[in-house]
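Here the structure is laid out as structure tokens; the discussion comes afterwards.
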Amino acid sequence: MENYSKARTVEQPCVCPFPDLAPDTPEIHVKDGSKIRNLLRYALSRMEAKARAADEKVRPQPEEGGVEAPPEAPGRPLCRQVILTASGKGVSKAITCAEIVKRRVKGLHQLTQLLYGTVEEVWEPLEPTAGLDSLTVSRNLPVIWILLSKDPLDSNQPGYQAPGRYDALWAQAANREEGGGLSGQRPGHKRKRGGGGGGRGKGSGRQSGRSREAAKGQS
């Protein structure tokens, strides 16, 4: 491939795996260059009235390398469901956004589907007069689809997660950090290294120089 250069990359669209959704269900495409705060602001504005009021006051600026969701139309009703989808390097960012949305909006049901999408890379020869043809390389990329719904979903489907309270988990993590990370250990207490001798010290068999000289004088 030293005689070729990548001309363009074409990502084939992936069909949404969730049927029978409302027509106004927003579909947020998370890219590697997207900013999490902009994605969260849009997703929460479609599901919460309070977040929508804040979003109308502060409209984020579009960033480079990321495709953001379109601005919210005034007067549009709130949605019961929202979809987050990403491929490649944006998968971890989509999962992070979904977890934060579930923490902000209580009682959300989640359904996750993992698929594979096709990406075609077109390579052109560096020297057109060399007689080389263009190359098209197809690659498979993992694609994640996350459906967050206020309405109950089918719990028998693979990838379903029931709503739950995460406050107890966060409290346990905070207690572990404050307590030093070990059960039964006082905050700020450090364990001693080595044996139970407590470090170096003068043993019972050791004698100083003066004590040895005094012993010699007595003998």
Side-chain angles (χ1 to χ4, degrees), residues 1-47 59-72 79-105 108-149 153-162:
M1 300 295 289
E2 62 273 5
N3 298 323
Y4 288 85
S5 64
K6 186 187 296 186
R8 61 186 181 275
T9 301
V10 180
E11 183 175 353
Q12 301 296 331
C14 188
V15 180
C16 178
F18 307 121
D20 303 331
L21 294 178
D24 59 344
T25 301
E27 189 175 301
I28 303 175
H29 294 263
V30 182
K31 302 295 183 180
D32 183 31
S34 301
K35 293 184 179 179
I36 294 181
R37 65 173 181 268
N38 294 347
L39 299 171
L40 290 176
R41 185 177 289 112
Y42 176 76
L44 293 174
S45 67
R46 297 302 306 269
M47 304 191 76
R59 174 64 59 183
Q61 297 294 332
E63 70 267 3
E64 297 180 358
V67 180
E68 296 301 328
E72 176 67 14
C79 297
R80 304 286 301 177
Q81 296 172 330
V82 66
I83 296 176
L84 294 168
T85 179
S87 61
K89 297 180 179 180
V91 170
S92 60
K93 188 170 293 185
I95 297 174
T96 301
C97 292
E99 294 298 325
I100 298 177
V101 171
K102 287 195 301 181
R103 182 164 172 80
R104 289 284 302 271
V105 183
L108 287 180
H109 299 259
Q110 178 177 343
L111 187 60
T112 305
Q113 296 289 339
L114 297 177
L115 306 175
Y116 279 96
T118 303
V119 175
E120 293 183 354
E121 297 177 352
V122 179
W123 295 75
E124 299 290 346
L126 295 176
E127 298 181 2
T129 58
L132 300 176
D133 297 331
S134 301
L135 298 179
T136 302
V137 180
S138 298
R139 296 188 297 112
N140 292 329
L141 284 181
V143 181
I144 190 171
W145 290 79
I146 302 176
L147 173 62
L148 300 178
S149 175
L153 301 174
D154 187 4
S155 59
N156 296 324
Q157 291 190 12
Y160 172 78
Q161 295 183 24

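Only a predicted model underlies this, so the values are computations on that prediction, with no experimental measurement involved.
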Check whether any side-chain heavy atom of Val10 lies under 4.5 Å from a side-chain heavy atom of Gln12, and answer yes or no. yes
Can you check whether Asn38 reaches Lys35 side chain to side chain, under 4.5 Å on heavy atoms? yes
Any side-chain to backbone donor/acceptor pair from Lys93 onto Ser34? Under 3.5 Å, distance only. yes
Strictly by salt bridge (charged side-chain N to carboxylate O under 4.0 Å, His left out), give each pair with a member in residues 132-146 just once, sequence neighbours left out. Glu121-Arg139
State, yes or no, whether a side-chain contact exists between Lys6 and Val122 at a heavy-atom distance under 4.5 Å. no
On a heavy-atom basis, the closest approach of Pro26 and Val82 is CG-CG2, 3.7 Å
Against Thr25, only a single residue in Gln81, Arg46, Arg80 fulfils side chain to side chain contact (heavy atoms under 4.5 Å, CB included); can you say which? Gln81
Thr112 and Gln110: side-chain donor and acceptor closer than 3.5 Å? yes
Name each donor-acceptor pair under 3.5 Å that joins a side chain in residues 83-91 to protein atoms two or more places apart or in another chain, with its distance.
from: Thr85; atom 1: OG1; to: Ile144; atom 2: O; distance (Å): 3.1
from: Ser87; atom 1: OG; to: Glu11; atom 2: OE2; distance (Å): 3.0

Using side-chain hydrogen bond (donor to acceptor under 3.5 Å, both in side chains) as the criterion, list what pairs up with Thr9, not counting sequence neighbours. none
Determine, step by step, whether Leu147 and Leu21 satisfy the side chain to side chain contact (heavy atoms under 4.5 Å, CB included) criterion, reporting the C-alpha distance in whole Å, the side-chain angles of both residues, the deciding distance to 0.1 Å, and the verdict. CA-CA 10 Å; Leu147 173 62; Leu21 294 178; 4.2 Å; yes
Min side-chain heavy-atom separation Val119-Ser138 under 4.5 Å: no
What distance do Ile36 atom CD1 and Ile100 atom CD1 have between them, rounded to the nearest 0.5 Å? 5.5 Å
Criterion side chain to side chain contact (heavy atoms under 4.5 Å, CB included) on Leu108 and Ser149, from CA distance to verdict: CA-CA 5 Å; Leu108 287 180; Ser149 175; over 6 Å; no
Heavy atoms, side chains only, cut-off 4.5 Å: are Lys102 and Gln161 in contact? yes
In this structure, SG of Cys97 is separated from CG of Leu148 (nearest 0.5 Å) by 10.5 Å
Taking atom OH of Tyr116 as the centre, report whether more than 12 heavy atoms of other residues, nucleotides or ligands fall under 6.0 Å from it. no
For residues Cys14 and Leu115, report the shortest heavy-atom separation together with the two atoms involved. SG-CD1, 3.9 Å
For a quick test of reading the model, state the closest non-hydrogen atom pair linking Ser134 to Glu124 and the distance between them. OG-OE1, 2.6 Å
Between Glu127 and Asn3, is there a side-chain heavy-atom distance shorter than 4.5 Å? no
May I ask you to test the Val143-Trp145 pair for a side-chain heavy-atom distance under 4.5 Å? yes
Checking side chain to side chain contact (heavy atoms under 4.5 Å, CB included) for the pair Val137/Glu120: CA distance, chi angles, key distance, verdict? CA-CA 6 Å; Val137 180; Glu120 293 183 354; over 6 Å; no
Any heavy-atom pair between the side chains of Leu126 and Tyr4 that's under 4.5 Å? no
In this structure, CE of Met47 is separated from SG of Cys79 (nearest 0.5 Å) by 8.0 Å
